[in-house]
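So the structure is just underneath, and the comments pick up after that.
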Amino acid sequence: MIRGCPLIPILCFASETVAPPRAGIPPGPSWLEKAVFYQVYPQSYYDSNGDGIGDLPGITAKLDYISSVGCNAIWINPIFVSPFGDAGYDVADFYKVAPRYGTNEDLKNLCVEAHKRGIHVCLDLVAGHTSIMNEWFQQSALDHANSYSNWYIWTPAVEHLTGSQPFPGEHLRSERYLPNFFPFQPALNYGYAQPDPKEPWQLPTTDPACIAVREELKKIMKFWLDLGADGFRVDLAASLIRNDPDHHVIGALWRYYRAWSDLEYPEAVLISEWSDPAVAIPAGFHIDSLLQFGELYRILLGPESRLDGKAREPHAFFERAGGGDIRAFVDDYLRHYTITKTRGYISIPTGNHDTPRPTWGRNEQDVRAIFAMLLTMPGIPFIYYGDEIGMKFLPEVPNKEGGTLRGTIGEVRRCGSRTPMQWSKEKNAGFSTAPAEKLYLPIDPSESRPDVASEEKDPASFLNFTRALLKLRREQPALANAADFEPLYAEKNGYPLVYLRIAGSERIVISVNPAERPYVVALKDVIKAKPLLVQDAAFLEGRFEMGPVSFGIFKVES
Ligand code: GLC
Ligand code: CA
């Protein structure tokens, strides 16, 4: 029995029904064993009707391209009806595609066309909150009791107002609601793990309103899975239950959904935005990613202060100055990996709509070293649209739809990673035929901006490099998502990082040196290896000779 069970008998039962792991391969749909995701920011991907905003038919038109990169699954950011105060993460109607993206029928068609090409389609599930424009909230905010009254967390006392704000237009209730992110994103009420008896507004998870919210989320999932979707990336997945310090109750909640989907939709996947795989995967998710708010990601790619528009501090492993503590990364990674490797997958995305692109402050050679590592690690790769052609982070573009965040870490200019995809050298980089001022965000103004059409023609382009890496990953069993991982050389403030990937008797050794200094490292266990893909690296008689900013992927010969 897990703690908290007496409160949530149904959830306890569900937690015991999760399928047991099969010989070394995480449970769940077998397509995950070879999955490589591509994240599509729909408003910026491809505009099919010339209104300046990317849309679903636009994504459908580009499925062959996505497949050509080597990706066989997509995650699309929220596409539902919304006032777009937070670029769609403020959902007003969970059952309807926003008109600017098309119709539910367009999504159905996208799924059909994707499936024809072996591509799975995951949607973004904003589980923790809604828009204040959502009908549920409008009802909840009325001053008379109704079935939605407790769907949100209403706190009567002023001292409980932490972060709570009245929404524009003011609600009729005298209480205040708790927001989940921006003030216009009221938190849905899944209940408190340990409600304070002195605060009766803190409802237990067994309250009928909390159960109704819980079941509504299932209904939303069912609706889109029935239409053709293959799963969900769950926004702020850890945020649903309040006062749950050890995550027992939220874990039970997600295992409840997972047990249901395993039974009813065994091919569907749940991907969490949690950034703590050791917790999220045992909580029922198939995939959790290491993102910018994880210490691990910071050690690898840079501190959060990178996001404030200022220069990066050279504290990450992937810095030419060479300051990062890769030992700390490997130790913590192994902690997550050991707990999760037979239960689910860790993903280290190339970037996303909240982080700067990896190109920021780096040249192409630097980014190749990053990709060489990210696309040879265990788990499921996620490529953020445009990263595969080396699109730039553009912190100077205007703030749009809640892109800029201002907080303790300074200003976070998320729009810099949300500019239109660059398809060609045509008008608006081939993104849209609309007048430039009507585009969702301005196109990278640089003359030398990369684009798909030009890179297609150049065998040495970043796009073709990404393709080569993914081809290697597909073809080499030791690089498969569930193949083993073993670090060989990872020293505090040292370079390079060397690790093995292993499948049966097949072994691949990877060495990455993002620093501007050359390094030589001798390996005990590997004597002979032949190069598969290298950048200024050689392997001779058990020694890696790594040039400045280099990497080597070698097949071990016994
Ligand atoms: C997640 C999303 C982010 C959004 C926030 C609130 O972190 O990735 O874009 O603003 O949740 O929903
Ligand atoms: Ca459009």
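As the structure lists them, so they are numbered: ligands from 1, and atoms in each ligand from 1. Side chains are part of it too, since the values below use all heavy atoms of this structure and drop only hydrogens, waters and symmetry mates.
Shown in contact with R414 at under 4.0 Å from a heavy atom are these atoms of ligand 1, numbered in order with element: 3 (C), 4 (C), 9 (O), 10 (O). Listed by number with element, the atoms of ligand 1 under 4.0 angstrom from any heavy atom of H353 are 2 (C), 3 (C), 8 (O), 9 (O). Within ligand 1, the atoms closer than 4.0 Å to a non-hydrogen atom of E273 are 1 (C), 7 (O), 8 (O), 11 (O), numbered from 1 in the order shown. The ligand atoms of ligand 1 that sit less than 4.0 angstrom from a heavy atom of D235 are 1 (C), 2 (C), 5 (C), 6 (C), 7 (O), 8 (O), 11 (O), 12 (O). Residue-ligand proximity, D86 to ligand 1, at heavy-atom distances under 4.0 Å covers atoms 4 (C), 5 (C), 6 (C), 10 (O), 12 (O). Within ligand 1, counting atoms from 1 as listed, the ones closer than 4.0 Å to a heavy atom of L236 are 6 (C), 7 (O), 11 (O). Atoms of ligand 1 lying under 4.0 Å from any heavy atom of H129, numbered from 1 in the order shown and given with element: 6 (C), 12 (O). Interface of D354 with ligand 1, defined as ligand atoms under 4.0 Å from a residue heavy atom, comprises 2 (C), 3 (C), 7 (O), 8 (O), 9 (O).
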- request: Just do the side chain to side chain donor-acceptor pair (under 3.5 Å) check on D64 and S67 with the steps written out, would you?
  value: CA-CA 5 Å; D64 284 333; S67 181; 5.8 Å; no

- request: Could you walk me through whether L107 and L123 pass the side chain to side chain contact (heavy atoms under 4.5 Å, CB included) test, one step at a time?
  value: CA-CA 10 Å; L107 180 64; L123 305 179; 3.9 Å; yes

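Between M377 and Y333 the shortest side-chain heavy-atom distance falls below 4.5 Å. Side-chain atoms of D288 and S347, non-hydrogen and from C-beta on, never get closer than 4.5 Å to each other. Between Y101 and I53, some side-chain heavy-atom pair lies under the 4.5 Å cut-off. The shortest side-chain heavy-atom distance between F80 and V126 does not fall under the 4.5 Å cut-off. Side-chain contact between T350 and F371 is present, with heavy atoms from C-beta onward closer than 4.5 Å.
One finds an angle of 90° at the Ca ion (ligand 2) between OD1 on D47 and OD2 on D55, to the nearest 10 degrees.
Dense packing is recorded around NZ of K218, with more than 12 heavy atoms of other residues, nucleotides or ligands lying under 6.0 Å away.
Taking 3.0 Å as the criterion, R100 does not count as a coordinating residue of the Ca ion (ligand 2), since none of its N, O or S atoms falls below it. At a cut-off of 3.0 Å, N49 is counted among the residues with an N, O or S atom near the Ca ion (ligand 2).
The Ca ion (ligand 2) lies closest to atom OD1 when only the N/O/S atoms of D51 are considered.
Here the options are F431, Y385, Y440, Y46, the test is side chain to side chain contact (heavy atoms under 4.5 Å, CB included), and the partner is P420; only F431 passes.
Under 4.0 Å from ligand 1, not a single heavy atom of E401 appears.
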